[in-house]
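Letters A, B, ... mirror the listed sequences (proteins, then strands); counts begin at 1.
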Amino acid sequence: MTAAPDLERLVDRAGILVCCGSGGVGKTTTAATLALQGARQGRRAVVVTIDPAKRLADTLGIGSLANTPIRIEGDWPGELWAMMLDTKSTFDDLVVKHSTDDAQVQRILGNRFYRNISGALSGTQEYMAGEKLYELHDEGRFDLVVVDTPPAHHALDFIDASRRLTTFLDHRLYRMLMTPTRAYLRAVHLAAQAFVRTVSKVVGGEVLDDALAFFSAFEGMEEGFRQRAEAVQDLLGAEGTAFVLVASPRSDAVAEARFFAGRLSESNIAVAALVINRVHPRFTRDHAESERERTRRAAGTALEPLYTNLADLRAVADGEDANLVELAAQVAPAPVTRVPLLEDDVHDLAGLDRIAGHLFGR
Amino acid sequence: MDPTQFLRASRVVIVAGKGGVGKTTVSAALARMAARQGLSALVVQVERTSSLASLFGRPPLTYVESMLAPAAGTVGEVRGRTITPDDALLEYLEDHGLRRISKRLVSTGAMDVVSTAAPGIKDILILGKVKALERSGAADLIVIDAPAAGHAITFLLSVRGLLDAVRVGPINAQARDVLELLTDPERTTVVLVTLPEETPVNELVETAFSLEDRVGVSLGPVVVNGVYPTVPGLDISPAEAAAAAGITLRPGDEPALSAAASFRRHRQVLQHAQVERLAELLPIPQLRLPFLFDASLGPAHVDVLADALADEVVRLPDPVPPAGAWCR
């Protein structure tokens with residue numbers, strides 16, 4: 001049952017740990033704990049969080065968006081750094097990096113359609129998390145990068161994001177419109193324009209003007225973006241990168257975790273470890289029947305509520321175990337580590353320390 | 001308050017909350033509660049991953065309505081369907097005589113460009129469809145299992161944003177209609193769901209204020225999900241209780257009973273503190289739903305929660321200010 005040595009080895013050897021799973025299962029806390037453990041094991045670790053609870057962010061000193069890691073001092077042989085991902089400025093940096101000149105940068109950054117991409121296009125946050133991860137890994141300042149991922153409630157997820165966004169930026173519709181009007185393409189071109197006219201009738205012309213202005217300004221940068229996206233993609237599949245699946249034992253969270261594990265395996269990525277948070281404690285391992293018998297015997301006495309409570313908590317522990325059987329089998333041989341339901345929310349290093357105690361059996 | 005009066009306050013109820021707080025379960029319980037009051041209910045799921053249908057022991061929902069729980073005697077029916085943006089868009093285009101381009105719009109990826117150019121367009125299509133359902137009287141109560149918050153806020157805020165981006169044309173008209181629907185307390189109520197825990201409570205309070213200030217929707221009672229039912233008599237030591245009952249405890253039972261009782265008492269204290277904190281931060285009535293000691297839920301659990309919800313509504317003061325009075 002105990003996965004401590006496996007997880008320790010993972011933290012020791014991996015260059016990148018990606019924590020994934022659905023919302024509300026403690027992904028951010030798990031990511032922060034893995035980075036803390038990295039520092040404990042002498043590594044230069046950084047954790048990139050997406051949307052940390054405010055109090056945790058405040059104690060880690062990353063309450064405001066800085067988009068660069070901040071060092072957290074502490075009594076460990078390695079280093080611990082943390083940052084909160086700023087999707088927009090990460091994207092801005094990418095634009096600057098791949099642009100040919102200042103004017104192009106200005107045209108893009110000032111475009112309304114571009115500003116919408118960071119806020120509205122699904123997958124942008126995932127893409128930028130991947131980009132940041134690549135950048136931090138590539139810099140060489142850190143030997144362990146732990147990244148928290150946005151909640152995976154869309155069919156689209158972290159591993160597909162970079163491919164998807166490049167496809168978007170390399171847009172076919174736009175290319176059709178902008179293709180030099182060589183005679184044999186003229187028919188296609190005209191059809192496309194008619195199509196765009198119809199679309200703009202529905203959504204209004206300004207909207208499409210913004211979009212076309214963006215694609216026009218973006219021209220020439222697609223290749224740089226595509227290459228980078230491929231590099232991120234390769235890094236996610238590389239040997240030193242490990243995916244840690246985080247879930248809670250309730251049936252809906254387990255169903256989402258299984259869906260996610262399936263998506264990973266379709267991309268030929270194995271789950272390196274499974275962390276189950278919010279597990280109810282188990283107080284008894286007796287046969288359920290003999291326990292029910294004792295509960296019946298206590299009926300009407302002062303012992304009744306005590307046995308009833310024991311039975312309630314046993315029922316939930318049994319149910320959680322049952323929920324986890326298939327998930328554990330699906331990700332086997334990944335080690336499974338359980339973290340019990342905690343008394344308080346984690347918002348400081350002492351809290352992370354308690355979780356580390358459960359994760360690493362200290 | 002009389003549950004029927006509560007359920008009749010607005011035809012559309014949007015159930016929203018952070019991931020993992022049990023939004024889908026609450027949506028199901030609310031629909032079932034309506035059915036048990038003799039009303040017909042339609043549950044709309046806007047995210048594909050939602051486990052709504054399985055709560056009723058049915059196969060996953062589709063864009064075509066299906067029966068989740070048929071009417072029986074005085075109990076009304078619960079139906080369910082999805083409204084996904086792609087399907088809603090196709091329907092919208094067909095209704096506007098644009099059937100020919102609808103397929104191309106999706107297959108060329110133009111939809112992605114359009115929805116990035118005008119963020120919120122997908123949400124408008126979903127809410128526009130909800131509006132059509134409301135107008136056609138599809139059910140006495142339409143329950144929307146909203147996307148997980150932050151997305152819930154964007155989901156509802158998108159309407160105002162879109163009105164700025166698209167100033168003319170059919171989408172603009174659609175957005176206006178939707179805004180009217182959302183901001184009319186007699187048509188729409190938003191029910192926020194949380195767990196009695198620190199972070200979910202904080203997020204709920206933030207969401208409540210944003211929705212009130214920025215969208216202008218009317219907030220119904222807050223649902224606090226997963227509250228441990230109080231068991232009196234857990235303070236006594238197992239040895240004492242056994243002595244009083246004249247029962248000899250088996251070895252091992254005493255520490256187990258004692259540890260389990262202390263765990264439960266402690267959780268109850270923690271939860272109670274969070275519920276109180278929520279009440280202080282947000283002066284909206286609370287409906288508390290019990291934690292169910294089963295790790296997977298089905299139709300029987302939905303019934304238990306529907307009953308609990310009805311009991312909580314009855315407990316609300318009467319006459320209650322109309323839903324949303326607090327925020328107007």
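Chain A forms more heavy-atom pairs under 4.5 Å with one residue of S54(B), A259(B), G20(B), A244(B) than with any other, namely A259(B). Put simply, of Q174(B), Q274(B), E240(B), R250(B), the one with the most heavy-atom pairs under 4.5 Å next to chain A is R250(B). Of all the listed residues (A253(A), S248(A), P249(A), P281(A)), the one sharing the greatest number of non-hydrogen pairs under 4.5 Å with chain B is P281(A).
Contact annotation for P232(B): only backbone heavy atoms (N, CA, C, O) come within less than 4.5 Å of a heavy atom of chain A. Only the backbone of L292(B) comes within contact range of chain A, with at least one heavy atom under 4.5 Å from a heavy atom of that chain. Looking at Y307(A), both its backbone and its side chain come within 4.5 Å of chain B, counting heavy atoms on both sides. Interface remark: R112(A) contributes side-chain atoms only to the contact with chain B (heavy atom separation under 4.5 Å). Only the side chain of D286(A) has a heavy atom closer than 4.5 Å to any heavy atom of chain B.
Between atom CD of residue E198(B) and atom CG of residue L342(A) there is a gap of 12.0 Å, rounded to the nearest 0.5 Å. Here the CG atom belonging to L303(A) is positioned 5.5 Å from the CD1 atom belonging to I247(B), to the nearest 0.5 angstrom. Between the CZ atom of R294(A) and the CG atom of L257(B) there is a distance of 8.5 Å, given to the nearest 0.5 Å. Note: F283(A) CZ to S258(B) OG = 9.5 Å, rounded to the nearest 0.5 Å.
When all heavy atoms are compared, the tightest approach of A256(B) to L310(A) is O-CD1, 3.7 Å. Residues P305(A) and G233(B) share a closest heavy-atom pair of CG-O, 3.6 Å.
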Would I236(B) and L306(A) count as a side chain to side chain contact (heavy atoms under 4.5 Å, CB included) here? Give the steps. CA-CA 9 Å; I236(B) 189 167; L306(A) 294 170; 4.0 Å; yes

Requested in this report: Begin with the C-alpha distance, continue with both residues' side-chain angles, and end with the deciding distance and a verdict on side chain to side chain contact (heavy atoms under 4.5 Å, CB included) for D253(B) and E291(A).
Outcome: CA-CA 10 Å; D253(B) 267 13; E291(A) 210 174 280; over 6 Å; no

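Using a 4.5 Å heavy-atom cutoff, the side chains of L234(B) and N309(A) are in contact. Contact annotation: the side chain of F293(B) never approaches that of H280(A) to less than 4.5 Å [non-hydrogen atoms, C-beta and beyond].
In this structure, D294(B) contributes its side chain and G319(A) its backbone to no donor-acceptor pair below 3.5 Å.
Between E197(B) and R278(A) there is a salt bridge, with a side-chain nitrogen of the basic residue lying less than 4.0 Å from a carboxylate oxygen of the acidic one.
Heavy atoms from other residues, nucleotides or ligands lying under 6.0 Å from CZ of R296(A) number more than 12. Counting heavy atoms of neighbouring residues, nucleotides and ligands inside a 6.0 Å radius, atom CD of E326(A) does not exceed 12 of them.
A donor atom on one side chain and an acceptor atom on the other are not found under 3.5 Å apart for D312(A) and Y228(B).
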